[in-house]
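Every chain is numbered from 1, with letters handed out A, B, ... down the list of sequences. The shown structure was predicted, so the numbers you read here are calculated from the model rather than taken from an experiment. All heavy atoms count here, side chains included; hydrogens, waters and symmetry mates do not.
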Amino acid sequence: MSEKKQQVSRRQFLNYTLTGVGGFMAAGMLVPMLRMAVDPVLQPSTAGDYANVGLSVDDITDTPQRVDWKVDQVDGWYESKVSRSAWVFKDDKNEILALSPVCTHLGCVVSWEGSDNYPNEFFCPCHNGRYEKDGTNIPGTPPLAPLHVYDQKVENGILYLGDAKPR
Amino acid sequence: MKYSSNHMEQYIPAKEFVDTIIIPLIPFHFSADAEMKKLAFQAEVATIFAGEIEKELSGRVMLIPPYYYVKPLEQEVEVKRLNTWVQNMETQPFTNFIFLTFDPAWKKCEKDLTGNLLWFPSIQSGDVHASETHHLITDQVAQVSELIRSFW
């Protein structure tokens, strides 16, 4: 009589319980493994991060202005804040251009109209390197490559700059 | 450029473009508790200061390891030793030697040094990471770079 009433037999009950617990244990082991396998995909990439440089798009004119900002950088032993700068202006096509101020010759800091003798050019004080306004190096001066250009994007009217890339 | 292996790699093929040596002169001593903190702070500022100047003009200057000496300055000994440093560096095509210091004692033996001594009144105390110190240094660096350019 008890057999009729018992809808789940002892054997079945044990089977269910063991399957359930076993399943949990297997899942507990597999999930971290899976997570580890796909982990590199989930990591936010630090390269190509954009930083707010504190400049509103409305304030950008066709005269280059210098902006300075800081980014976090992990550099071997140190994690530090590194300062970066750019010369930002609107070019002939009214597009925003952000040039790196690092001279492509030996790495000095160039400035817009840095010499009175060369108006409307970027000038490097170290070896009189010169660049056109669009960053093109002027032949006959030491630099052999144009100034690097920052990746940029505009969000809510604020300029964000990424990494400087050679052209 | 700095005295590091990757900068040396860059320096050797571009020697003729790098004609200026920057040598920070940094004092230290452990004989009086009262001054130790101040001197350590000045040493920190001097290191940052020299580093920032190097960043600004990196294509034409070489920042070498600082010259440390025990305070008070023993003029004769230190000047002689410093000049042997310069002699050694003259084996490369360097023509300008610039000494940066916060210690006014060097002013008295300036004429015996092979090179230009630039003395600055130091920030006496504070925090090197504070933004005021940061602004102060940035401002000074801009002016000193201007001065160094006038030697070229």
Side-chain angles (χ1 to χ4, degrees), chain A residues 53-54 65-87 99-118 121-131 135 137-138 140-148 164 166, chain B residues 1-22 44 47-49 51-63 92-96 98 127-131 133-152:
Chain A
V53 299
Q65 56 179 313
R66 186 173 163 155
V67 289
D68 299 276
W69 72 100
K70 288 201 157 97
V71 289
D72 286 318
Q73 177 178 298
V74 183
D75 189 14
W77 301 98
Y78 310 104
E79 181 171 354
S80 54
K81 291 226 178 247
V82 184
S83 48
R84 294 218 185 147
S85 322
W87 288 98
L99 295 175
S100 157
V102 177
C103 184
T104 51
H105 177 221
L106 286 170
C108 293
V109 180
V110 303
S111 47
W112 174 247
E113 302 198 322
S115 161
D116 297 338
N117 301 331
Y118 304 109
E121 284 176 10
F122 287 100
F123 180 76
C124 175
C126 288
H127 306 101
N128 303 334
R130 284 152 55 204
Y131 302 86
N137 51 311
I138 294 178
T141 66
L144 296 172
L147 292 173
H148 295 186
Chain B
M1 290 173 200
K2 288 181 184 153
Y3 188 65
S4 68
S5 61
N6 53 348
H7 281 182
M8 286 303 130
E9 214 170 90
Q10 204 188 358
Y11 167 69
I12 291 166
K15 271 183 193 179
E16 73 273 24
F17 292 110
V18 186
D19 63 357
T20 305
I21 286 269
I22 294 185
E44 273 182 90
T47 315
I48 296 171
F49 193 56
E52 288 299 309
I53 294 174
E54 185 275 335
K55 248 188 231 165
E56 194 72 19
L57 303 170
S58 55
R60 193 162 170 178
V61 304
M62 172 73 73
L63 174 65
Q92 296 290 345
F94 293 115
T95 50
N96 291 311
I98 293 169
D127 175 10
V128 274
H129 303 293
S131 62
T133 320
H134 199 97
H135 281 296
L136 205 69
I137 293 179
T138 323
D139 278 354
Q140 283 204 346
V141 164
Q143 293 177 47
V144 175
S145 312
E146 195 79 21
L147 180 64
I148 293 176
R149 266 182 250 161
S150 72
F151 292 127
W152 293 344

Legend entry - Exercise: identify the closest heavy-atom pair between A:Cys126 and B:Gly59: SG-N, 4.3 Å
Inset, instruction - Specify which of A:Pro125, A:Pro101, A:Cys124 makes the most heavy-atom pairs with chain B at under 4.5 Å. - result: A:Pro125
Legend entry - Nearest-0.5 Å distance, CG of residue A:Leu106 to CG of residue B:Leu57: 12.5 Å
Legend entry - Side-chain donor/acceptor of A:His127 to backbone N/O of B:Arg60, under 3.5 Å: no
Legend entry - More than 12 heavy atoms from other groups under 6.0 Å of CD on B:Glu16: yes
Inset, instruction - Please look at B:His7 and chain A and tell me whether the side chain, the backbone, both or neither of the residue comes under 4.5 angstrom of a heavy atom of that chain. - result: neither
Inset, instruction - Give a yes or no on whether B:Tyr3 atom OH has more than 12 heavy-atom contacts from other residues, nucleotides or ligands under 6.0 Å away. - result: no
Inset, instruction - Using a cut-off of 6.0 Å, state whether more than 12 heavy atoms not belonging to A:Asp116 lie near its atom CG. - result: no
Legend entry - Residue pair A:Val109 / B:Lys55, side-chain heavy-atom distance below 4.5 Å: no
